[in-house]
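To start, the structure itself, in structure tokens.
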Amino acid sequence: MAPENILVCVAWPYANGDLHVGHVAGAYLPADIFARYHRLKGNRVVMVSGSDSHGTPIVVRADKEGKTPREVFEYFHARFLETQKNLGVSYDLFTHTDTQNHRRIGQQMFTRLLENEYLYKAKQKQLYSESQSKFLPDRLVEGTCPHCGYDKARGDQCDNCGKLLDGTELINPRSRIDGSTPVVRESEHYFFDLPALREKLVAYLSDKDSYWRSTVLDFSRNYAAHAEPRAFTRDLTWGIPIPLPDSEGKCIYVWYEALLGYLTATVEWASITGQPDEWRKFWYEKDVKIYNFIGKDNILFHTVLWQAVLLGMERLGQPWDGADVDKVFNLPYDVPANQYVNLGGQKFSKSLGVSVDVLDLTAKYGADPVRYYLTSIMPEAKDSEWSWNDFVLRNNSELLAKWGNLVQRTLSQIWKNFDQRIPTPGELSEADKALIAQSEAAFETIGGALNAVHLRDALTGAIELATATNQYLDREAPWKTIKADKARAGTQLYVAARVIDSLSVLLSPFIPFTSEAVRKQLGYKDTLFGEQYIEQVGATDDRHDVLRYNAGAARGEWKPSNLQPGQPLGGEPKGLIAKIELA
RNA sequence: GGUGACGUAGCUCAGACGGUAGAGCAGGGGACUCAUAAGCCCUUGGUCACUGGUUCAAGUCCAGUCGUCACCA
């Protein structure tokens, strides 16, 4: 079968706070598992994302801390790189939105939509701070709620009665920055004419029933069918300025340029890897599948609004891009959005201290226990719950006891009794053949689940095979066989080792580090995957750090083991997975 | 207020097309000992949120109620 082209687009984390396990389980980890699977399948995979570095919350945080917005986002960007490298999220490129490349294409997006008449000008009433000479975002204004009279309602929503507000509705409004009283001024903005694209959006969503998640589809359809115009620009200084004269202080609404990051990061990836036209393959050629991995709060942006942008632009189409006049952008094939992971029944919240810090977690326990547990509670259909107790149990009684111990008990018998080499099997019994057949079939079933982005099912399937192998060992008991018939014991251990070899591949999208270690213990000299590294790229005035992936000498393949008898083990087997004891 | 999703054993979750509830972990018991006292076998747990309705038969379809969440106005 010809290799497929897969573009894995991952939600852009907003660079005003650290990542927590909810983000990881929601988007980054599923994307990585999916990407690794497709790499093993031999498919052409590019996985991109980056830090969302513009927008009001970053400006506010910078003001509060006496820093520049750039300093704030660069701090968190660096931590995102570190966190995801430690976790093994294998981006081909994780960049950010404050690059020349992103700005240039961002302005082009605006121009294209304007040329194609999907943007129009309209006036909007907004609160303006005279003391600071700028428009105030609604959330930075407070006042008395017109509905319930609560006197500390924010301009976007009243915390008391829960009603959503428009800042101009507030009675006695005041700035939350300096307490001054804002005035109502008219501001002229560009609006995105979504009604003009309704028909195309509805058509796009019409053939997704067989594979989109129900949590994503109905909701998106309803919105697409009734989509109203939305503001496309904002009064903002920290963002991408709109490329028109007399438009100072107007930037592209951050949401749209973050979405555009999927395209711009692909362009940057192509350029960095010295094949500047390669992005065209993924965005224009039709034999490509684009996946967007996101959390449930982002669904509409990724199932309707992003499609609207792509449909509205049609293509990049500027002089430097003139070859594309007859091309049209690809739209996402699937948007497997996840629900949330909660903690103690509450949402994660940095400000309330409800959080599990990922940097801390990987430093203490390593990536794989975290990846394993988060996959097992991945909120594919509904919200799930992080439990420290469960984290420990899953690690100790599943990952370690079922899988780590299976490898350990098999290889240590081979090490001690078979000259530290994979034994040469004799004739296979029915039981031997049955287990091997089961392990071979697993590549189909688990692969199917992975391809359909049913990641929890896929992991469960792999663990079931580990259990079957443990059962096989207990029934065959090579430690007994060896006393009377060493050759038969060698066959039994060969069968177990061969299935373990397959399992290390089947499990590798989920727990890549452990799988590499197993592979090494089995005596292989190569690796399943390539390497991740952080690197500085860009011209002098555009330097930035990115996370990259280099396939290099990776030899992993999604196919059953062909373990060679006589292969020397890679050293004395020792525990792969540490037991976790909570202090 | 609108749209949508969710509410199943102690915990985490499965349960197209309706036929009297399943898995893993935890808990209890057992035989073994190669293994990080891990693995294996057996086993105790459930008013399937609530109330009505359709049906010979409903976690499974319909209506309503309550609760949780996301997005939109």
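Numbers restart at 1 for each chain; the letters A, B, ... are given by sequence-line order, proteins then strands.
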When the P atoms of B/U54 and B/C62 are considered, how many whole Å apart are they? 15 Å
In whole angstrom, what separates A/H226's NE2 from B/C72's C1'? 12 Å
Length of the line joining A/I377:CD1 and B/G24:P, which is rounded to integer Å: 20 Å
Spacing of A/E398 atom CD relative to B/A23 atom C1', expressed in whole Å: 11 Å
Have a look at A/A381 and say if it touches a base, only the backbone sugar-phosphate, or nothing, with a 4.0 Å heavy-atom cut-off. sugar-phosphate
Residue A/Q471, side-chain atoms from C-beta onward, closest of B/C41, B/C71, B/U3: B/C41
NZ or CZ of A/K208 within 45° of A/Y333 ring axis and under 6.0 Å: no
Applying side chain to side chain contact (heavy atoms under 4.5 Å, CB included), can you list everything that pairs with A/N389, at least two apart in sequence or on another chain? A/S387, A/L393
Can you give the dot-bracket line for RNA chain B, using ( ) for pairs inside the strand, [ ] for pairs that cross earlier ones, | for pairs with another strand and . for unpaired bases, where Watson-Crick and G-U count if both distances are under 3.5 Å? (((((((..((((........)))).((((.........)))).....(((((.......)))))))))))).
Sugar-phosphate, base or nothing in reach of A/Q413, heavy atoms under 4.0 Å: base
Going by the angle between their ring planes, with limits at 30° and 60°, are A/F391 and A/W388 parallel, tilted or perpendicular? perpendicular
When you measure from the centre of the six-membered ring of A/F192, is the NZ or CZ of A/R230 closer than 6.0 Å and no more than 45° off the axis? no
Counting heavy atoms not belonging to A/E199, are there more than 12 under 6.0 Å from its CD? no
Span that lies between the C1' atom of B/A5 and that of B/U43, in whole angstrom: 37 Å
Any idea which of B/C13, B/C34, B/G4 is nearest the A/F219 side chain? B/G4
What form does the base of B/G39 take, syn (within 90° of 0) or anti? anti
Within the 4.0 Å heavy-atom criterion, would you say A/T460 contacts the bases, only the backbone, or no part of the nucleic acid? nothing
Determine the interatomic distance between P on B/A63 and the same-named atom on B/G4; round to the nearest Å. 11 Å
In whole Å, what separates the P atom of B/G22 from that of B/U47? 15 Å
A/D390 has its side chain closest, among B/A14, B/U12, B/G39, to B/U12
For B/U60 versus B/A49, give the span between their C1' atoms, rounded off to a whole number of Å. 16 Å
Residues A/R456 and A/M378: closest non-hydrogen pair is NH1-O, 2.9 Å
P atom, B/U20 versus B/C48: distance in rounded Å? 15 Å
Using a heavy-atom distance cut-off of less than 4.0 Å, which residues of residues 420-455 of chain A contact RNA chain B? none
Nearest whole Å is fine: how far is B/G24 C1' from A/M378 CE? 17 Å
Is it true that the NZ or CZ of A/K121 lies under 6.0 Å from the centre of A/F191's six-membered ring and within 45 degrees of the ring axis? no
Can you check the distance between B/A37 and B/C32, where both ends of the measurement are the C1' atom (answer in whole Å)? 13 Å
Please check the phosphate of B/U33 (OP1 and OP2 only) for any side-chain N or O of A/K480 closer than 4.0 Å. no
Can you label the angle between the A/W255 ring and the A/F301 ring as parallel, tilted or perpendicular, going by 30° and 60°? parallel
Geometric cation-pi criterion, A/R234 with A/Y253: 6.0 Å, 45°: yes
Looking at the side chain of A/R394, which of B/G24, B/C40, B/C72 is the nearest nucleotide? B/G24
Report the residue from A/D383, A/T215, A/N338 that forms a side-chain hydrogen bond (donor to acceptor under 3.5 Å, both in side chains) with A/K296. A/D383
Which protein N or O atoms sit under 3.5 Å from an N or O of nucleotides 35-38 of chain B?
| residue | atom | partner | partner atom | Å |
| --- | --- | --- | --- | --- |
| B/A35 | OP1 | A/K416 | NZ | 2.7 |
| B/A35 | O2' | A/N405 | ND2 | 2.5 |
| B/A35 | N3 | A/N405 | OD1 | 3.1 |
| B/U36 | N3 | A/I577 | O | 2.7 |
| B/U36 | O4 | A/L576 | N | 2.6 |
| B/U36 | O4 | A/I577 | N | 2.7 |
| B/U36 | O4 | A/I577 | O | 2.9 |
| B/A38 | OP1 | A/K579 | NZ | 2.9 |
| B/A38 | O2' | A/A401 | O | 3.0 |
| B/A38 | O2' | A/N405 | OD1 | 3.3 |

Are there any protein N/O atoms within less than 3.5 Å of an N/O atom in nucleotides 60-69 of chain B, and if so, which ones and at what distance?
| residue | atom | partner | partner atom | Å |
| --- | --- | --- | --- | --- |
| B/C69 | O2' | A/K296 | NZ | 2.3 |

From CZ of A/R456 across to C1' of B/G15 the rounded distance in Å is 13 Å
Closest to the A/T215 side chain, choosing from B/C13, B/G39, B/A5: B/A5
A/K382 side chain: which of B/A14, B/C72, B/U12 is closest? B/A14
Please list, chain by chain and in numerical order, all residues satisfying side chain to side chain contact (heavy atoms under 4.5 Å, CB included) with A/K483, sequence neighbours excluded. none
Describe the nucleic acid contact of A/S387 in one word from base, sugar-phosphate, nothing, applying a heavy-atom distance below 4.0 Å. nothing
Out of B/G4, B/C34, B/U3, which nucleotide sits closest to the side chain of A/W479? B/C34
Since syn is defined as within 90° of 0, does B/G59 count as syn or as anti? syn
